[in-house]
There are 2 protein chains.
Amino acid sequence: MTMTIKKSGNSGPDLAFSINAKVKAAQAKFGKENVINAVLGTLANDEGNIIALDSFYKRLETMDRGLIASYAPIEGEKAFRETVLDLLFDDSRPDAYMEVVSTPGGTGAIRNGIFSYADIGDPVICHDYFWQPYQKMCIEFDRDFRTYNFFTKNFKFDLEAYKACQDQALKDHDRMVSIINSPGNNPTGYSLSDEEWDRVLEISNEAVAKGKKITLIIDVAYIEFAGNGEQKKFFKKFSKLPENLMVLVAFSMSKAYTAYGLRSGAVVGISSSKEVIDDFKEAMATSARCNWSNGVHAPQLILVDLAKDENKGEYDKELASLKAMLKERADVFVKKAAEHKIDIIPYFGGFFAFVPTDRAFEITKKLEKENIFTIPSAKGIRIALCATNKKDVVKLVERLAFYMDK
Amino acid sequence: MTMTIKKSGNSGPDLAFSINAKVKAAQAKFGKENVINAVLGTLANDEGNIIALDSFYKRLETMDRGLIASYAPIEGEKAFRETVLDLLFDDSRPDAYMEVVSTPGGTGAIRNGIFSYADIGDPVICHDYFWQPYQKMCIEFDRDFRTYNFFTKNFKFDLEAYKACQDQALKDHDRMVSIINSPGNNPTGYSLSDEEWDRVLEISNEAVAKGKKITLIIDVAYIEFAGNGEQKKFFKKFSKLPENLMVLVAFSMSKAYTAYGLRSGAVVGISSSKEVIDDFKEAMATSARCNWSNGVHAPQLILVDLAKDENKGEYDKELASLKAMLKERADVFVKKAAEHKIDIIPYFGGFFAFVPTDRAFEITKKLEKENIFTIPSAKGIRIALCATNKKDVVKLVERLAFYMDK
């Protein structure tokens, strides 16, 4: 017998977190230096230790205790919400009504979007390489998760598959949510080009012109590690959209502030309609109250402080060094993969690179015997460049090539 | 036009947080010392400043940054989960299978319980003085929130009303959730007696004997401020329950650790069945992943550290001083209310006292003109003893008596 309603709880343990437990066991047994940990999405230095930004953590350590202790407003601190818009969009702020509500990391933002913009049974479409929790959320909330082929043979965004999936989804539904994780997609490292975004909006517009309601949820968890500003230009395209085409952006402090364990993020709504955006804010605040009450207070205040003119340089410098470190590792990975003639999905940024193969589970099992840990899936192997130094990247690619018979 | 599915977002702004905004405006205009703030549930010292425990916050300030930055496991740190059981139950640990999964405060625990133990349309019953978010959650998740009369004329728990509500709820449903917020109920300060708990279990047993599934969600957010150990004895009654009678306890670090803004808590499951408790853990972990991914890491580690033999005395001493402060204020309130012949609901502990009146909105409006802030509801006025010093408690009761024509 069980007591739960059994919608939830059937999708098994989270793969990244359960393989990470194996990594820790191997490190304890064989020593950290003898284990290659390309699993979890946290930035590690070359010694394999998690990086915690000095600019961020020294502010936490010296913050007034009463501020840390106190509740944040349900929707988040006003200055935090304004700062999120400034930082997220930079020079590419859409000409639209926008609102921000704080959430526990990007997870809370995506969860809120799925919950409030698709009803029970409504379609939620996504590229077929995706972050597992998207699907888990749809199972949990009884939304109809459907995937489309992510890439053409030449590793471009498969716009035909996207359109076909949308058409099919809207055949007998009046509304649809589309989750797109770009730039620096997890697990692939892919970023949609500006032209691909244009086409996504054109395809959306075809359906909204017929009265359908479409909500795009854009997961930009890795955006700060996927370019030097040019990767934000696509935001500008969300200006003056039809009012039944809504855009939500999932903002996360986890990666760009190395604040994973402090669970801070926000859901950003973009609409041409004041009414739609007011409704957004109220729905998101109500969901906050019903699921976690309010966000963690301290990171909101630190984000605001670090964005001040007098502090921005300090933070930007630290972020730039993280980006440089990641880029070096990615460059080595791409180069070595090419040398070994291993096909990879084009890497544009983010924490992960991806090797397509239908033998992923077999190969990663063999790698694990050599204390090399990665994440397998039906489509291939995800490699956490964020966590692996250049030397280990080289070794990892070599052993991968060996088992892939390259 | 709106874009949301409009289940959420219709219940209006949160009263406590919106009145708190008025308090802040009044403080800015008239000076903090001229405003009585008996609104929000955070412990303040006699000067009206939020209290942050030294034992807790010095550990946060000196904690290894990498630990704060890193993700906690989805279900929470193992040591945290074990420590929660030790601290929560003390000498009154039930003889049962138990599991713990971390949540953002008590909110996340209650949300998880409602979501996984009642299906859409299923009844969720609660006493008719209740924390507003219980109802909001049920609206959000389409569960059927129903209330019963909390108190008899003599201010005892109205067991007849409880039984009638349960019977009605189970007439055409196979399962039911019952939320009970005790000891130190918010908003009333009431605690169910051990005999009242016996009767609640007897009434539950009558229905589960007929094959119904009942889940009790017990919100114990204020338990550490509602006695000196004796208030935990009722937990022992959850030993060897029928397997279709499940108990969930919502544990919160917000109050007893002054960690409101760090959003840490846990949902604790108690069952006589291993299968039921395994299902509980899996469902709660899946809900975690689908709503906030994982808990805030640092408070979990601090809880464990403060529970160690060598540190427990330091923490216990600080907690004792908070309890003493609150008790003094409550004693003054009870004494002054009696002098003015104001009826109150028996106060046994917690952060709030309650004055029943059907003129609450009218009276609190008048009080607000004198810069005295409380929370009105259809049933009366909630007074945050946690936030108000003894002198202000005296004044508040006097002005309350004046407007109540006492």
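Chain naming here is simple, since letters A, B, ... match the order of the sequence lines and numbering starts at 1 in each.
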Checklist entry - Do A:Y57 and B:D64 pass the side chain to side chain contact (heavy atoms under 4.5 Å, CB included) test, and can you show the C-alpha distance, the side-chain angles, and the key distance before you say yes or no? => result CA-CA 10 Å; A:Y57 285 94; B:D64 177 88; over 6 Å; no

Checklist entry - Of the listed residues (A:H297, A:M246, A:M137, A:E75), which shares the most heavy-atom pairs with chain B below a 4.5 Å separation? => result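 The candidate making the most pairs under 4.5 Å is A:M137.
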
Item to check | Greatest number of heavy atom pairs closer than 4.5 Å to chain B - which of A:K213, A:R289, A:M63 | outcome: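 It is A:R289.
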
Which atoms of [X] come close to chain B, meaning under 4.5 Å heavy atom to heavy atom: side chain ones, backbone ones, both, or neither?
X      : result
A:A259 : backbone
A:T42  : side chain
A:D278 : neither

Checklist entry - So which of B:L67, B:I114, B:I74 has the largest heavy-atom pair count under 4.5 angstrom toward chain A? => result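 Ranked by contacts with chain A, first place is B:I74.
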
Next on the checklist: If you count heavy-atom pairs within less than 4.5 Å of chain A, which of B:S273, B:G105, B:S293, B:A285 leads?
Outcome noted: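 Result: the option with the highest number of such pairs is B:S293.
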
Can you tell me how far the [atom1] atom of [X] sits from the [atom2] atom of [Y], to the nearest 0.5 Å?
X      : Y      : atom1 : atom2 : value
B:D119 : A:T4   : CG    : OG1   : 10.0 Å
A:T258 : B:I68  : OG1   : CD1   : 10.5 Å
B:S70  : A:L262 : OG    : CG    : 9.5 Å
A:I139 : B:T286 : CD1   : OG1   : 9.0 Å

Side chain from CB out, backbone as N, CA, C, O: work out which of these in [X] comes under 4.5 Å of a heavy atom of chain A, or both, or neither.
X      : answer
B:S254 : side chain
B:A109 : neither
B:I214 : backbone
B:K58  : both
B:N112 : neither

Checklist entry - Is A:D54 atom CG crowded by more than 12 heavy atoms from other residues, nucleotides or ligands, each under 6.0 Å away? => result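 It does: A:D54 CG has more than 12 such atoms within range.
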
Checklist entry - Counting heavy atoms not belonging to A:K78, are there more than 12 under 6.0 Å from its NZ? => result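 For A:K78, atom NZ is not crowded (no more than 12 foreign heavy atoms under 6.0 Å).
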
Next on the checklist: I'd like to know if the side chain of B:R175 and the backbone of A:M3 have a donor-acceptor N/O pair within less than 3.5 Å.
Outcome noted: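 Yes: the side chain of B:R175 pairs with the backbone of A:M3.
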
Checklist entry - Quick one: does A:R263's side chain have a donor or acceptor within less than 3.5 Å of a partner on B:W292's backbone? => result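 At least one qualifying donor-acceptor pair exists.
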
A side-chain contact here means heavy atoms from C-beta on lying under 4.5 Å apart; do [X] and [Y] qualify?
X      : Y      : value
B:C290 : A:R111 : no
B:R65  : A:F56  : no
A:I5   : B:Y117 : no
A:N291 : B:E140 : yes

Checklist entry - What class does the angle between the rings of B:Y260 and A:Y71 fall in, given that below 30° is parallel, 30 to 60° is tilted and above 60° is perpendicular? => result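 Ring orientation of B:Y260 relative to A:Y71: tilted.
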
Next on the checklist: Could you report the tightest heavy-atom contact between B:G66 and A:A52, atom names first, then the distance?
Outcome noted: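 The answer is N-CB, 4.3 Å.
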
